[in-house]
Protein chains: 2
Amino acid sequence: MTAHAISIYEDFPLTCQTCPARHDGICAEIDDDELLRIGRIKRYQKWGAGETIAIEGGSLPFVGSVVKGSACLTRSLSDGRVQMVGMLLPSDFVGKPGYKTASYEITAISNVTFCTFDTVSFKKFLGSSSGVSSRLLDMTLNDLDNARSWMLLLGRKTAREKVAHFLSLLFQRVRPRLSPLRCTLPLTRDTIATYLGLSLETVSRQVTALRRDGLIRLENNGRTMLCDDLSALRLAAGETTLD
Amino acid sequence: MTAHAISIYEDFPLTCQTCPARHDGICAEIDDDELLRIGRIKRYQKWGAGETIAIEGGSLPFVGSVVKGSACLTRSLSDGRVQMVGMLLPSDFVGKPGYKTASYEITAISNVTFCTFDTVSFKKFLGSSSGVSSRLLDMTLNDLDNARSWMLLLGRKTAREKVAHFLSLLFQRVRPRLSPLRCTLPLTRDTIATYLGLSLETVSRQVTALRRDGLIRLENNGRTMLCDDLSALRLAAGETTLD
DNA sequence: CGTAGGATTGATGATGTTCAAAATTGGTGG
DNA sequence: CCACCAATTTTGAACATCATCAATCCTACG
């Protein structure tokens with residue numbers, strides 16, 4: 001969101017063999033031979049925190065996976081209202097093979113590295129690799145399920161439930177170490193609000209309310225969250241199924 | 001939503017050659033040879049209006065496309081709040097190849113016919129048909145884009161904008177004949193409300209307001225809508241891009 | 001020590017929900 | 001043909017929730 005972002009911030013050795021997404025992303029199901037083939041058409045690209053990677057309806061000449069860092073997807077109305085519609089974490093894929101236009105704005109949250117492919121070459125590659133295409137379909141269907149779960153949150157949950165839901169997702173990503181679960185937010189209140197379809201003040205108030213009710217504790221000026229009882233938090237989020 | 005639905009309501013001759021979804025759905029990109037192959041594993045299944053096809057987290061042993069009629073996808077909270085998360089129209093696909101569990105409730109809106117495949121056999125078939133799998137990926141990515149557009153609507157649009165958006169989508173599906181555009185709703189106010197994340201009373205009030213403002217006209221006890229100026233309606237919906 | 005960015009808190013008002021009642025329509029049977 | 005019934009829609013009034021505007025607090029950092 002801030003200006004003065006940088007395009008190249010760091011160099012580190014990165015190959016398909018050392019890729020953090022090797023066993024989670026689109027390459028999860030393929031063997032070393034195929035990895036070699038896809039490796040020949042990849043190209044790493046980096047963006048600095050806050051930089052805009054693509055704008056809604058603008059050019060997006062590549063598809064690719066996040067290797068390191070995170071980014072967010074947003075859609076907006078002409079008067080400035082913004083809704084986050086997705087978050088990209090390591091191994092997540094973005095873009096439409098064969099198309100060169102972005103459906104939403106893509107912004108780097110932190111410094112981020114993508115493993116990218118020319119959108120047309122990648123579509124061609126898909127035709128020759130049932131491993132990658134079946135995995136990509138699977139991942140996309142999961143994204144669709146997640147988007148639809150978020151629709152339930154946006155359309156029907158209360159502010160309190162929304163914030164509790166967001167936090168419980170956060171804690172579930174932390175390795176389930178001994179409690180308390182501890183998590184330092186990479187996002188500001190404003191970004192969380194954009195994600196949850198709320199105002200930043202409402203997010204702040206609900207965080208305070210959850211703290212008052214003993215469901216979470218805060219540290220570090222409200223940027224680090226602690227949770228002693230995740231199931232209680234999930235209950236406050238209106239969650240029923242254990243996914 | 002009503003009881004007393006029927007499972008078999010009508011028989012009509014249906015083959016891949018006469019299939020209404022032949023050139024829109026997952027078979028759009030394949031030739032007659034491949035059509036023959038996929039035709040061997042298909043099985044038509046029918047449900048009556050209002051019938052439940054699958055429940056959230058329940059068994060869904062098939063994947064498939066709508067051939068005729070329509071169905072809706074919903075997710076709900078334990079206290080009864082419901083959010084529609086998608087609508088299935090002819091040529092739309094549902095289900096996850098290789099998996100047998102539904103992520104949401106699937107309900108027939110009207111009498112509906114699906115062209116179904118055993119979820120495991122279909123996954124196998126995908127591996128042997130790059131035409132179907134590339135088309136299915138494309139369709140799923142479009143579904144994902146649509147779901148994310150709907151997230152913007154649910155999270156940020158006002159009730160008036162939501163209803164105007166819904167109606168303009170409706171009118172855009174009608175063949176752009178001479179105005180006025182005319183459309184008879186297959187949905188009740190209650191269903192529309194479930195779709196838009198509103199109460200049915202608010203939907204009714206906003207429809208009235210749009211009529212009062214001359215953006216639409218009503219017939220047939222509010223179940224048939226007329227529109228003289230689609231672009232005005234789209235403006236009221238907060239739409240900017242022409243998609 | 002001062003400043004800037006982010007977070008919190010307070011007061012007020014707009015928007016949409018809820019509960020309740022009345023109006024409209026299509027279908028059914030006398 | 002008409003009266004009645006059920007389902008749906010519309011309308012009204014009171015209320016709850018969340019957004020907005022504004023001020024203040026906190027912390028990291030120069």
Side-chain angles (χ1 to χ4, degrees), chain A residues 1-5 49-50 77 79-83 109 153-167 184-212 216-225 236 238, chain B residues 1-5 49-50 77 79-83 109 153-167 184-212 216-225 236 238:
Chain A
M1 306 294 174
T2 53
H4 310 303
L77 297 172
D79 64 359
R81 282 172 286 173
V82 182
Q83 176 64 49
I109 296 176
L153 175 143
L154 292 173
R156 297 297 173 187
K157 289 198 171 181
T158 65
R160 181 187 173 90
E161 288 169 333
K162 285 178 175 182
V163 172
H165 186 126
F166 172 81
L167 292 176
T184 298
L185 297 188
L187 308 173
T188 65
R189 296 285 184 269
D190 186 57
T191 310
I192 298 170
T194 300
Y195 204 15
L196 296 176
L198 295 171
S199 69
L200 73 92
E201 294 93 335
T202 298
V203 171
S204 180
R205 275 184 250 271
Q206 295 302 332
V207 168
T208 303
L210 292 172
R211 182 175 56 73
R212 178 171 36 71
I216 56 171
R217 286 179 289 146
L218 301 184
E219 278 181 3
N220 184 20
N221 194 24
R223 282 211 301 275
T224 298
M225 308 267 174
Chain B
M1 303 292 177
T2 53
H4 309 303
L77 297 171
D79 64 359
R81 284 173 284 174
V82 182
Q83 177 64 52
I109 297 177
L153 176 144
L154 291 173
R156 296 298 172 186
K157 289 199 173 182
T158 64
R160 181 186 173 90
E161 289 168 332
K162 285 178 174 181
V163 172
H165 185 125
F166 172 80
L167 293 176
T184 299
L185 295 188
L187 308 173
T188 66
R189 296 285 183 269
D190 186 57
T191 310
I192 298 170
T194 301
Y195 203 15
L196 296 175
L198 296 172
S199 69
L200 72 93
E201 294 93 335
T202 298
V203 171
S204 179
R205 276 185 249 272
Q206 295 302 331
V207 167
T208 303
L210 292 173
R211 182 174 56 74
R212 178 172 34 72
I216 57 171
R217 285 180 291 143
L218 301 185
E219 278 180 4
N220 184 18
N221 193 26
R223 283 213 299 275
T224 298
M225 308 265 174

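A, B, ... follow the sequence lines: proteins, then strands. Residue 1 opens every chain. Because the structure is predicted, anything quoted here is derived from the model rather than measured.
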From CD of E161(B) across to C1' of dT15(C) the rounded distance in Å is 12 Å

Taking L185(A)'s backbone N and O only, do any of them form a donor-acceptor pair with R223(A)'s side chain (distance below 3.5 Å, no angle check)? no

Taken to the nearest whole Å, CZ/R160(A) to C1'/dT17(D) is 14 Å

Closest of dG16(C), dA7(C), dT9(D) to the R189(B) side chain is dT9(D)

Sorted by position of nearest nucleotide on DNA chain D, 5' first, the leading residue of L198(A) and N220(A) is L198(A)

Checking dA28(D), dG16(C), dC19(C) against the side chain of E201(B) (C-beta onward), the nearest is dC19(C)

Taken to the nearest whole Å, CZ/R81(A) to C1'/dA19(D) is 12 Å

Taken to the nearest whole Å, CD1/I192(A) to P/dT8(C) is 9 Å

Which of dT8(C), dC18(D), dG16(C) is nearest the side chain of A159(B)? It is dG16(C)

Checking dG16(C), dT20(D), dT10(D) against the side chain of R205(A) (C-beta onward), the nearest is dT20(D)

| message | Using a 4.0 Å heavy-atom cut-off, does L200(A) contact any base of the nucleic acid, only the sugar-phosphate backbone, or nothing at all? | response | base

Whole-Å distance, E219(A) CD to dC26(D) P, equals 17 Å

Between E161(B) (side chain only) and A236(B) (backbone N and O only), is there a donor and an acceptor less than 3.5 Å apart? no

- Side-chain N,O (T202(A)) to OP1/OP2 (dC18(D)) below 4.0 Å: no

Between CG of D79(B) and C1' of dT18(C) the distance, given in whole Å, is 14 Å

What contact category does T188(B) fall into here, base, sugar-phosphate, or nothing, at under 4.0 angstrom with non-hydrogen atoms?
sugar-phosphate

Taken to the nearest whole Å, CG/L154(A) to C1'/dC18(D) is 15 Å

Quick one: does V163(A)'s side chain get under 4.5 Å of L198(A)'s, heavy atoms only? yes

Heavy-atom nearest nucleotide on DNA chain D taken for S199(A) and for S204(B); more 5' hit belongs to S204(B)

Run the side-chain contact (heavy atoms from CB on, under 4.5 Å) test on T188(B) and L200(B) for me, step by step, so that the C-alpha distance in whole Å, both residues' side-chain angles and the decisive distance to 0.1 Å come before the verdict.
CA-CA 9 Å; T188(B) 66; L200(B) 72 93; over 6 Å; no

Output yes when a side-chain donor or acceptor of Q83(A) lies under 3.5 Å from a complementary backbone atom of T194(A), and no otherwise.
yes

Rounded to whole Å, CZ of R223(A) lies from C1' of dC29(D) at a distance of 12 Å

